[in-house]
Engineer: 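Take a look at the following structure, please.
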Amino acid sequence: MRTAMITMNADLIAQMSCNPAIGGIAKGHLVREIDALGGVMGEVADAVGIQFRLLNTSRGPAVWSPRAQCDKKQYRIKMKEVLEKEPNLRILQAEVGSLMLRSEGANRRVTGVVLSDGREVCGSTVVVTTGTFLNGLAHVGENVYSCGRNGEPPARALGDQLRSLGLRWMRLKTGTPPRLDGRTIDWPRFEAQRGDEEPTPFSFMTNRIEREQVDCHIAFTNEKTKQVLQGAISRSPLYSGQIEGIGPRYCPSIEDKMVKFPDKERHQLFLEPEGLDTNEVYVNGMSTSMPLDVQVAMLESVPGLDQAEMIRPGYAIEYDAIDPRELNHSLRVRGIEGLYLAGQINGTSGYEEAGCQGLVAGINAARAVQGQDPISIARTEGYAGILIDDLVTKGADEPYRMFTSRAEFRLHLRIDNADCRLTPLGRAVGLVDERRWVAFQAQEEERRVTRRLLAGLRLHGSENGELGLSEEDHPTAEVWLRRSGSSIGMVQSALERLRGSSLSKSALMTVETEVKYAGYIQQQERQIARLKGLEGREIPNAFAFEGIPGLSNEIVAKLKGVRPRTLGQAGRIPGVTPAAVAILDCYLNLRERR
């Protein structure tokens, strides 16, 4: 599709306005899924990452999540380089002043955008990804000023028009911590946090990451920090009533932590470099909107930061967002043909949550132009599907953040099998190119071969004493691998001798997980089949919920507000009981028999 990307500053595409890191708990799953679908976030992060860590390795493989500290400047430069090589993409530096709309009966249709300089850019579909720019306000203590990101102007005209469209909207808030000059930090006073010896890439197309990694460092607040913040809490925009927006519960500001957890002796901080050619250090865990003098005193209270110079103060930013229940699963606005929303405008937080929405919205915008049906990712197929389903079904009363606990079938939605789940879909919609498709097919074949070798390899206790086998014990490697203390790495050399060539780490990891957790995976597959039965029961668009005996007025109101597509989605609406779903099922059956 011929596409225009319109941005206020083309040099700040992919600017990491908060922490220059990609991935993390569950967020790493999203990046893997973006990559499996054919998106570029994973490959770019692999290219500019400066510290890689696989999180949650003390637990099962279902919740292992990759994370990379990235070079902030290089991430932006690399992403722009990738975008500029796209033959059908034109990048325009301008501000969008308004959407062009026309009426079509009871609905409206978007026909393009009007730029603030008066030019019109026509298009059959428009994807709005405004981040924190819609009527953005920054807060540093009592100081308040308009901005989209710190130092960039807000999007007021577009924000005002979106408010006039009759959509439900909300005011949300996020924040950032101070940035420090690394030359003024007393580094020996902090514990170093090193990256993994063998980094785990995000992209299935990255074979190995070999560059040298940098250290992050761990710090802690103390009683003096608490006294500084509690003594100045009346000056906090959060508690003075100055900030109206709702902030993220799972990433609170440091002053919020001191108020909500007064008995906690200390809070952990991470000192994270922003790049290889800068001295700027990000103080992860110290997000704040306190006045400048309080921020200085707060930093001075931490041993090792007492002489640190602040390059940029922390600040909070509040902005407009649309209630995501105004959208359907394709991320199109209900009642406005061709208009799609993605990212923080839908009430989410984080680069990764925004990235997967942008990919799905872009796919569906292109399919709409081609006259094709929209695609959606089911909750059983990916974390991206869980995120979108949560948003359009439950809404967001605070900035939404992805967690592994939001997934009903975590063992099925692992990082190692994201390509098995989603690359065929990416191929079907035209995002997965031949290079990636050939690599995927080769990986699938390697997994099948590894599984076949495991089933055919007979182990003998007399020959393999290190495997914990008696002389009478002759299991296949597949049966043995299910035993406690076994590892596929212990038989890797035997498998490679049988194959006549080496086996990749990713293939071994997937096969080992599938063998060891086979019983649990089969149980989840049965649960998934039952859920798909509910998801297959479609509710017609014009279905009347009123007047159905057994449905309370409250449940009817909730169903009408969301207009669920299926019985499965209806059951996930807060307040809609299993009994109500059963009643709906009966009435749908009656309707079908008439």
Engineer: Is the backbone of Ala378 close enough, under 3.5 Å, to the side chain of His329 for a donor and an acceptor to pair up by distance?
Structural biologist: no

Engineer: Counting heavy atoms not belonging to Asn107, are there more than 12 under 6.0 Å from its CG?
Structural biologist: yes

Engineer: Under 6.0 Å from the six-membered ring centre of Phe204 and within 45° of its axis: does the NZ or CZ of Arg32 meet both?
Structural biologist: yes

Engineer: Does a donor on one side chain sit under 3.5 Å from an acceptor on the other, for Thr132 and Gln344?
Structural biologist: no

Engineer: May I ask you to decide if Ser203's main-chain N or O and Asp46's side chain share a donor-acceptor pair within less than 3.5 Å?
Structural biologist: yes

Engineer: Please determine whether a side-chain nitrogen of the Lys or Arg among Glu434 and Arg427 lies less than 4.0 Å from a carboxylate oxygen of the Asp or Glu.
Structural biologist: yes

Engineer: Evaluate side chain to side chain donor-acceptor pair (under 3.5 Å) for Asp419 paired with Gln443, printing each intermediate quantity in order.
Structural biologist: CA-CA 9 Å; Asp419 58 339; Gln443 183 74 358; 5.4 Å; no

Engineer: Using the test salt bridge (charged side-chain N to carboxylate O under 4.0 Å, His left out), find all partners of Lys80 that sit at least two apart in sequence or belong to another chain.
Structural biologist: Asp11, Glu84

Engineer: For Arg379 and Glu535: C-alpha separation, side-chain torsions, deciding distance, then whether salt bridge (Lys or Arg N to Asp or Glu O under 4.0 Å) applies.
Structural biologist: CA-CA 10 Å; Arg379 296 183 73 89; Glu535 296 296 344; over 6 Å; no

Engineer: Measure the spacing between OG1 of Thr513 and CG of Leu411 and express it to the nearest 0.5 Å.
Structural biologist: 8.0 Å

Engineer: Using a distance-only test with no angle check, is there a side-chain donor-acceptor pair under 3.5 angstrom linking Ser65 and Asn56?
Structural biologist: no

Engineer: Hey, are Asp196 and Arg53 close enough for a salt bridge, meaning a charged N less than 4.0 Å from a carboxylate O?
Structural biologist: no

Engineer: Counting C-beta onward and ignoring hydrogens, is there a side-chain heavy-atom pair between Thr278 and Lys72 closer than 4.5 Å?
Structural biologist: no

Engineer: Applying side chain to side chain donor-acceptor pair (under 3.5 Å) as the test, list every pair that has at least one member in residues 332-342; sequence neighbours left out.
Structural biologist: none

Engineer: Salt bridge check: are Glu353 and Lys27 linked by an N-O gap of less than 4.0 Å?
Structural biologist: yes

Engineer: Test Arg410 against Tyr383 for side chain to side chain contact (heavy atoms under 4.5 Å, CB included), laying out the working first.
Structural biologist: CA-CA 9 Å; Arg410 289 189 290 277; Tyr383 277 85; 3.7 Å; yes

Engineer: Scan side-chain atoms only and decide if Asn9 and Glu152 contain a donor-acceptor pair under the 3.5 Å cut-off.
Structural biologist: no

Engineer: Would you call Glu445 and Arg448 a salt bridge, taking side-chain N to carboxylate O under 4.0 Å as the test?
Structural biologist: yes

Engineer: Return the CD to OG1 distance between Glu446 and Thr510, rounded to the nearest 0.5 Å.
Structural biologist: 9.5 Å

Engineer: Can you find a pair of side-chain heavy atoms, one from Asp160 and one from Asn135, that are under 4.5 Å apart?
Structural biologist: yes

Engineer: Under the 3.5 angstrom rule, does the side chain of Gln524 hit a backbone N or O of His412 as a donor-acceptor pair?
Structural biologist: yes

Engineer: Compute both the distance and the angle, then confirm whether Arg406 meets the cation-pi test with Tyr400: under 6.0 Å from the six-membered ring centre, within 45 degrees of the axis.
Structural biologist: yes

Engineer: Would you compute the distance between atom CD1 of Ile415 and atom CD of Glu33 and round it to the nearest 0.5 angstrom?
Structural biologist: 11.0 Å

Engineer: Which heavy-atom pair separates Ala365 from Val127 by the least distance, and what is that distance?
Structural biologist: CB-CG2, 3.8 Å

Engineer: So, Asn328 and Ser330: side-chain donor and acceptor under 3.5 Å apart, yes or no?
Structural biologist: yes

Engineer: Just do the salt bridge (Lys or Arg N to Asp or Glu O under 4.0 Å) check on Asp390 and Arg572 with the steps written out, would you?
Structural biologist: CA-CA 8 Å; Asp390 279 352; Arg572 293 189 293 274; 5.9 Å; no

Engineer: Keeping the roles fixed (side chain from Gln74, backbone from Val48), state whether a donor-acceptor pair exists under 3.5 Å.
Structural biologist: no

Engineer: Out of curiosity, Thr130 OG1 to Ile345 CD1, how far, rounded to the nearest 0.5 Å?
Structural biologist: 3.5 Å

Engineer: Give the table of side-chain donor-acceptor pairs shorter than 3.5 Å for residues 14-21, with sequence neighbours excluded, one pair per line with atom names and distance.
Structural biologist:
| residue | atom | partner | partner atom | Å |
| --- | --- | --- | --- | --- |
| Gln15 | OE1 | Arg76 | NE | 3.2 |
| Asn19 | OD1 | Gln69 | NE2 | 3.4 |
| Asn19 | ND2 | Glu272 | OE1 | 3.0 |

Engineer: Is there a donor-acceptor pair closer than 3.5 Å between any side-chain N or O of Thr3 and the backbone N or O of Met1?
Structural biologist: yes

Engineer: How many angstroms lie between atom CZ of Phe133 and atom OG of Ser146, to the nearest 0.5 angstrom?
Structural biologist: 12.5 Å

Engineer: Look at the side chain of Gln213 and the backbone N and O of Phe52, then say whether any donor-acceptor pair between them is shorter than 3.5 Å.
Structural biologist: yes

Engineer: Below 4.0 angstrom, N of the basic side chain to O of the carboxylate: do Arg447 and Glu514 qualify?
Structural biologist: no

Engineer: Quick one: OG1 on Thr380 to NZ on Lys532, what's the gap to the nearest 0.5 Å?
Structural biologist: 4.5 Å

